[in-house]
Amino acid sequence: MRIGVLALQGGVREHLAHLRRLAIDAREVRTVSELEGLQGLIVPGGESTAIGRLLTAGDWVEPLRAFARDHAVWGTCAGMILMAREVSGGRPLLALLDIAVERNAFGRQIESFEEPLSVAEIEDGLEAPFPGVFIRAPRITAVGEGVHILARLADGTPVAARQGRLLTTAFHPELTPDLRFHAFFADLVRRRRP
Amino acid sequence: METRPVRTPKRSGSFTVKAGLARMLQGGVILDVVSTEQARIAEEAGAVAVMALERVPADIRAQGGVARMADPRRIREIMEAVSIPVMAKCRIGHFAEAQILEAIGVDYVDESEVLTPADESRHVDKHAFGVPFVCGCRDLGEALRRIAEGAAMIRTKGEAGTGDIVEAVRHARTVIEEIRALEALSEAELEATAAQMRVPPELVRQTRELGRLPVVNFAAGGIATPADAALMMQLGLDGVFVGSGIFKSADPARRAQAIVLAVAHFNDPRRLAEVSTGLGEAMSGVSAGSLGPAERLAARGR
């Protein structure tokens, strides 16, 4: 199985390292033609405005939309903003997922935080909570039909969602030693989940 | 889908979130700005963050005098003008300036040799802060000392305000070569090296295992062109700071955008040729080799 990580800007190295620890063939994707031969794609965290500019400048929008129609795609943090159909105070770009999001929803960096999350779909027998790392993170403010909320903060804020084989997290599993979210995405790529 | 909220208090200011923000800046360009207008140009060009300043390093060089933290009003205005992270500089060892910057709510503090140092023997104890710090280095020992003090991001010092890349290249290569040299050390030699660098052996061991610094490492100090930025990325750095190079050039918006594209496509000479074309005059600059010892900012803070 080959999974790509969009490598225009952001936390690319960390996703590649996690995928490789799961013995997955992980590739940097720097050009549109490198989407070919991939079974799944991760849109990493970074600055959504910066990645957005580079996507527009490189004519990525249509090819990425086409890719997402029959492949699994996972957006973390900035990736969530780029995938959302509605962005408060901003323009949606890829509009792949039927969710509305708010950028920097928890405030500035000083408000960035860690909080353990209960994620039903990824829990192993031990049911250990997943370490949520939130960095200038967005939050989901509304979801359409067919979108499942996978995780919420203790205060009820939704921070992870799935619509078919499209996955999104406001937090950064790639910044933790925990591989369960990457394994879960690999399952989506293999179509093991409906 | 079933979700059971966990009643655990959230925790902010951990090293994971401090170093994590720097990880999200990788492959990006951070631009020095002195006004809200410049900050908007930077954001529009695709910068991942801005450094809010009173004067860019080239002007600090030209005008002389004591260079201090910027006026909080200037920093706040820039924070309100853009949605990308805003960094600001404090003087080396000036923990009160750092406290003020944290209170304002800046996203990163640069404890910078570009400002006039406040303490000749100590840097700020960066573990004591919730806001993350970036610090400059010329070699591995300096980088690891700053990380041991709590820095969550490292950059080369280069020679700020010159538009001359030679010192940034020297500092980047020195760090790379010194990390490579760690591989050959026995355990006893590693401990001796750590003692010589005045850092915990564990930090040296971790660096050897990773084959790179344990935090993100950006290029800074003398980057003026898309080719300079691509050079530093090809040397293995994680992103670039551009100071005087943008707003001291003929067409800042175009040059900023060109450098952003050059960092994203640093390995593609054809793209680099395209983005380097017709940018107008770069900053005129001053050769770092022509500076006297007192004019060398990189020598401040060890």
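This one's a predicted model, so the numbers in the text were calculated from it and none came from an experiment. Throughout, a chain's letter reflects where its sequence line sits, starting with A, and its residues are numbered from 1.
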J.: Check whether any side-chain heavy atom of A:R13 sits under 4.5 Å from a side-chain heavy atom of B:R212, and report yes or no.
T.: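 A side-chain contact under 4.5 Å exists here.
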
J.: State, to 0.1 Å, how close B:I84 and A:R136 come at their nearest heavy-atom pair, and which atoms those are.
T.: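 For B:I84 and A:R136, the tightest heavy-atom pair comes out as C-NH2, 3.6 Å.
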
J.: Looking at OG1 of B:T16 and CD of A:E114, how far apart are the two atoms once the value is rounded to the nearest 0.5 Å?
T.: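 Result: 4.5 Å between the selected atoms.
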
J.: Against chain A, label B:V86 side chain, backbone, both or neither, depending on which of its atoms sit under 4.5 Å from a heavy atom there.
T.: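 Looking at B:V86, backbone and side chain both touch chain A.
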
J.: With a 4.5 angstrom heavy-atom cut-off, could you sort out which part of A:R108 is near chain B: side chain, backbone, both or neither?
T.: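 Both backbone and side chain of A:R108 come within 4.5 Å of chain B.
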
J.: Is it the side chain or the backbone of B:N267 that comes within 4.5 Å of chain A heavy atoms, both, or neither?
T.: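 It is neither, since no heavy atom gets under 4.5 Å.
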
J.: So, for A:I110 and B:V131, which heavy atoms are closest and what is the spacing to 0.1 Å?
T.: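 Taking every non-hydrogen atom into account, CD1-N, 3.4 Å.
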
J.: Among A:R103, A:E14, A:E111, A:E174, single out the residue with the greatest number of heavy-atom pairs under 4.5 Å to chain B.
T.: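 Counting heavy-atom pairs under 4.5 Å, the top option is A:E14.
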
J.: So, are A:R30 and B:D268 salt-bridged, with charged N and O less than 4.0 Å apart?
T.: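 No.
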
J.: Against chain B, label A:L54 side chain, backbone, both or neither, depending on which of its atoms sit under 4.5 Å from a heavy atom there.
T.: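 Side chain of A:L54 only, per the 4.5 Å heavy-atom cut-off to chain B.
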
J.: Check this for me: B:Q206, atom CD, are more than 12 non-hydrogen atoms of other residues, nucleotides or ligands nearer than 6.0 Å?
T.: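 Result for CD/B:Q206: enclosed.
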
J.: Take a 6.0 Å sphere around CD of B:Q234 and say whether it holds more than 12 heavy atoms from other residues, nucleotides or ligands.
T.: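 Correct, the count exceeds 12.
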
J.: Under the 3.5 angstrom rule, does the side chain of A:N104 hit a backbone N or O of B:S83 as a donor-acceptor pair?
T.: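 Yes: the side chain of A:N104 pairs with the backbone of B:S83.
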
J.: When rounded to the nearest 0.5 angstrom, what is the spacing between CZ in A:F106 and NZ in B:K10?
T.: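 The CZ atom of A:F106 sits 6.5 Å away from the NZ atom of B:K10.
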
J.: Taking all heavy atoms of B:V17 and all of A:Q109, pick out the closest pair and write down the distance.
T.: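 Scanning both residues, the minimum pair turns out to be O-NE2, 3.0 Å.
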
J.: Between B:P85, B:A47, B:S12, which has the largest tally of heavy atom pairs under 4.5 Å with chain A?
T.: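 It is B:P85.
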
J.: Taking everything shown except A:E86 itself, do over 12 heavy atoms lie less than 6.0 Å from its CD?
T.: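 No - once you tally the heavy atoms of other residues, nucleotides and ligands closer than 6.0 Å, there are 12 at most.
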
J.: Yes or no on side chain to side chain contact (heavy atoms under 4.5 Å, CB included) for A:I135 and B:R23, after CA distance, side-chain angles and deciding distance?
T.: CA-CA 10 Å; A:I135 296 172; B:R23 296 199 172 275; over 6 Å; no

J.: For A:F67, does the CZ atom have more than 12 heavy-atom neighbours from other residues, nucleotides or ligands under 6.0 Å away?
T.: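 For A:F67, atom CZ is crowded (more than 12 foreign heavy atoms under 6.0 Å).
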
J.: Judged by atom type as modelled, is there a donor-acceptor pair below 3.5 Å linking the side chain of A:Q9 to the main-chain atoms of B:M24?
T.: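 Yes; at least one donor-acceptor contact below 3.5 Å.
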
J.: Could you have a look at A:G11, A:G10, A:C77 and say which one has the most heavy-atom pairs with chain B under 4.5 angstrom?
T.: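 Ranked by heavy-atom pairs under 4.5 Å with chain B, first place is A:G10.
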
J.: Please test B:Q26 against A:V12 for side chain to side chain contact (heavy atoms under 4.5 Å, CB included), starting from the C-alpha separation and ending with a verdict.
T.: CA-CA 8 Å; B:Q26 290 178 104; A:V12 176; over 6 Å; no

J.: Quick check on A:R65: does its CZ atom have over 12 non-hydrogen neighbours (other residues, nucleotides or ligands) under 6.0 Å away?
T.: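 Check passes, neighbour count above 12.
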
J.: Tell me, side chain or backbone of B:E44 under 4.5 Å from chain A's heavy atoms, or both, or neither?
T.: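 When you check distances to chain A, atoms from both the backbone and side chain of B:E44 fall under 4.5 Å.
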
